[in-house]
Amino acid sequence: MPCRRIVSSVGVPACHLVSRPGGVSVAGSVTVVIAGASRSQRAVGTTIAGRVSDRCQSGGRLAVHATAGRTSVLRVTARASSLPCADAGRAGSRSDRGTHRGGLDAVEALLVDLPDDPVARHGYEVLGDLHIYRGSFDASVECFRQAERLAHRADDRFTVLHSRMSQAMALGYGGQVDEALALLAQVRVDASDARIGVASAWCDFTEAELVAETVPQRALELVDRSVEEADRSGWRMLADVGRLTASSLRARTADPVDAIPGFERLIRHWSRHGDDTHQWTTLRNLVDLFIRLEAYAPAARLLGAVSVAPRPTFGAEEQRLTAARTAVLHHLAAEGQALILAGTRDDLPTAVEFALSSLGDLRRVPRA
């Protein structure tokens, strides 16, 4: 999955927001008030609101509560389960499927008057991310192209490179892998010429995502290198999603028993940080691990849960889940269908608890 964007710290009155290279943290209800806002300040508000909404993932709400004259009021409310310190066992119910649509609408509304303001480049990156999570890849590519165009105007070399890497990611997810790899190769050259070292870690992660299905061992080498560099540079979210990709690859290509601890750590990590979107992605990939371990009953229950998750699945991930369902029904027949149905009633905290319990059971099975 694509990594969440990083936004520079911007001082705005009444904004209780922490922004740093490791990501954005939200506590409670965040209100961004921009009084007498200029067009540029409105774009900053767009960026902050979009970043916070993105950080809240499927547990947050973003809305424009009032726009009177030249004053903009934005509010993001993070429900309990999306707060960094929330306990997975106490988290709220499953989020609805409209959350990302709401984020799209709100950010688009704030960008409508800013087609050529360079500071709006961050808002377009937010939109590109949200479109990816909805599977709208053409729209995502166009947003990232707008971000690139405005980044050029701002002489923001990192965002130029990052938006092009994001274009490659969206192209690849949309099935245009050759075009994506060609674009990424040029980004690598440009990053080297510009001497932006951390861009190489982003390139490695992006390429790993693009070749994960065709050359998994190469993908694993790339993503491990990306995680190492991200850890060294303090880019926490890049390191975290890199570990998710690496765990998924190891679940499918290496000894599945060895992948168990990595999944346990990831699931607990996303729960601590309230990252529902990446948690659902981890659970979808965990289904593959259960199938490889011939744990068909846990796979069936989890299949049901992820089938009604807020974000739709697509591409190779969707194909693997379809194959997993076929395997479950082949081995368990009517029992498998009943377990899948039971899983559809699980909210995220219940699915997390079940996944950790099942992983613990499998880890304690004596190895031959």
Side-chain angles (χ1 to χ4, degrees), residues 1-8 21 23-24 43 46-47 50-51 53-55 57 100 103-104 107-108 111 118-154 156-191 194 196 198-212 219 222-223 226 229-230 233 235-242 244-245 277-278 281 311 314-315 317:
M1 295 305 302
C3 186
R4 302 274 50 82
R5 311 294 172 204
I6 308 302
V7 61
S8 301
V24 178
T46 299
T47 298
R51 300 295 193 216
S53 176
D54 209 21
R55 174 62 187 87
Q57 304 290 347
H100 288 145
L104 279 167
V107 179
E108 285 173 342
L111 282 172
V119 78
R121 63 194 183 275
H122 301 301
Y124 279 110
E125 284 200 294
V126 170
L127 281 181
D129 278 343
L130 291 172
H131 277 302
I132 280 184
Y133 275 100
R134 289 179 59 84
S136 303
F137 305 117
D138 290 343
S140 178
V141 170
E142 181 56 33
C143 287
F144 292 131
R145 285 174 177 161
Q146 290 296 324
E148 179 188 1
R149 178 178 66 86
L150 295 175
H152 274 296
R153 294 189 59 185
D156 179 352
R157 292 182 296 171
F158 178 79
T159 299
V160 168
L161 295 171
H162 199 272
S163 61
R164 294 179 72 198
M165 282 184 275
S166 297
Q167 290 171 49
M169 187 81 79
L171 286 168
Y173 286 153
Q176 302 178 66
V177 177
D178 290 342
E179 294 88 338
L181 289 171
L183 175 57
L184 189 61
Q186 185 58 54
V187 173
R188 283 190 184 277
V189 173
D190 294 344
I196 302 178
V198 73
S200 65
W202 289 91
C203 285
D204 285 341
F205 172 77
T206 303
E207 185 176 344
E209 286 281 301
L210 295 174
V211 303
L222 286 164
V223 77
S226 174
E229 175 60 29
S233 303
W235 290 76
R236 188 187 67 202
M237 184 57 86
L238 175 57
D240 290 344
V241 295
L244 169 52
T245 297
T277 297
H278 288 108
T281 303
R311 183 186 68 79
F314 48 80
E317 182 180 81

Quiz item: Distance from Leu127 atom CG to Ser140 atom OG, nearest 0.5 Å?
Solution: 9.5 Å
Self-check item: Rounded distance [0.5 Å steps], CZ in Phe205 versus CG in Leu210
Solution: 9.5 Å
Exercise. Kindly assign one of parallel, tilted or perpendicular to the pair His278 and Tyr133, based on the angle between their ring planes and the thresholds 30° and 60°.
Key: perpendicular
Self-check item: Intermediate values then yes/no, side-chain contact (heavy atoms from CB on, under 4.5 Å), Glu317 and Thr281
Solution: CA-CA 9 Å; Glu317 182 180 81; Thr281 303; 4.0 Å; yes
Exercise. Just grab all the salt bridge (charged side-chain N to carboxylate O under 4.0 Å, His left out) pairs involving residues 165-184, residues at least two apart or on different chains.
Key: none
Exercise. Taking all non-hydrogen atoms of both residues into account, name the closest pair between Leu184 and Cys203 and its distance.
Key: CD2-O, 3.7 Å
Quiz item: Side chain of Ser166, backbone of His162: donor and acceptor closer than 3.5 Å?
Solution: yes
Practice problem: Check the pair Val141, Gln176 against side-chain contact (heavy atoms from CB on, under 4.5 Å), reporting the backbone distance first and the verdict last. | Solution: CA-CA 12 Å; Val141 170; Gln176 302 178 66; over 6 Å; no
Self-check item: salt bridge (charged side-chain N to carboxylate O under 4.0 Å, His left out) contacts in which one or both residues fall within residues 162-177, not counting sequence neighbours
Solution: Glu148-Arg164, Arg164-Asp190
Practice problem: Taking side chain to side chain contact (heavy atoms under 4.5 Å, CB included) as the test, write out the residues that go with Ala185, two or more places apart. | Solution: none
Quiz item: Considering all heavy atoms of both residues, which atom of Gly172 and which atom of Val177 are nearest to each other, and what is their separation?
Solution: O-CG2, 3.9 Å
Quiz item: CZ/Phe144 to CD/Glu125 distance, rounded to the nearest 0.5 angstrom?
Solution: 6.5 Å
Quiz item: Is the number of heavy atoms from other residues, nucleotides or ligands within 6.0 Å of CZ (Arg157) greater than 12?
Solution: no
Quiz item: How far apart are the closest heavy atoms of Ala201 and Ala230, and which atoms are they?
Solution: CB-N, 4.4 Å
Practice problem: Supply the atom-to-atom distance Cys143 SG to Asp138 CG, rounded to the nearest 0.5 angstrom. | Solution: 11.0 Å
Quiz item: Rounded to the nearest 0.5 Å, how far does CG of Asp204 lie from OG1 of Thr245?
Solution: 12.0 Å
Practice problem: Dump the intermediate steps for side-chain contact (heavy atoms from CB on, under 4.5 Å) on Leu150 and Thr159, then the final yes or no. | Solution: CA-CA 9 Å; Leu150 295 175; Thr159 299; over 6 Å; no
Quiz item: Mind checking whether His131 and Glu142 have side chains closer than 4.5 Å, heavy atoms only?
Solution: no
Practice problem: Check Val223 against Gly242 and note the closest heavy-atom contact, atom names and distance. | Solution: CG2-O, 3.3 Å
Exercise. Output the distance between atom OG1 (Thr206) and atom CE (Met165), rounded to the nearest 0.5 Å.
Key: 6.0 Å
Quiz item: For Asp240 and Leu244, what are the C-alpha separation, side-chain angles and deciding distance, and is it a side-chain contact (heavy atoms from CB on, under 4.5 Å)?
Solution: CA-CA 6 Å; Asp240 290 344; Leu244 169 52; over 6 Å; no
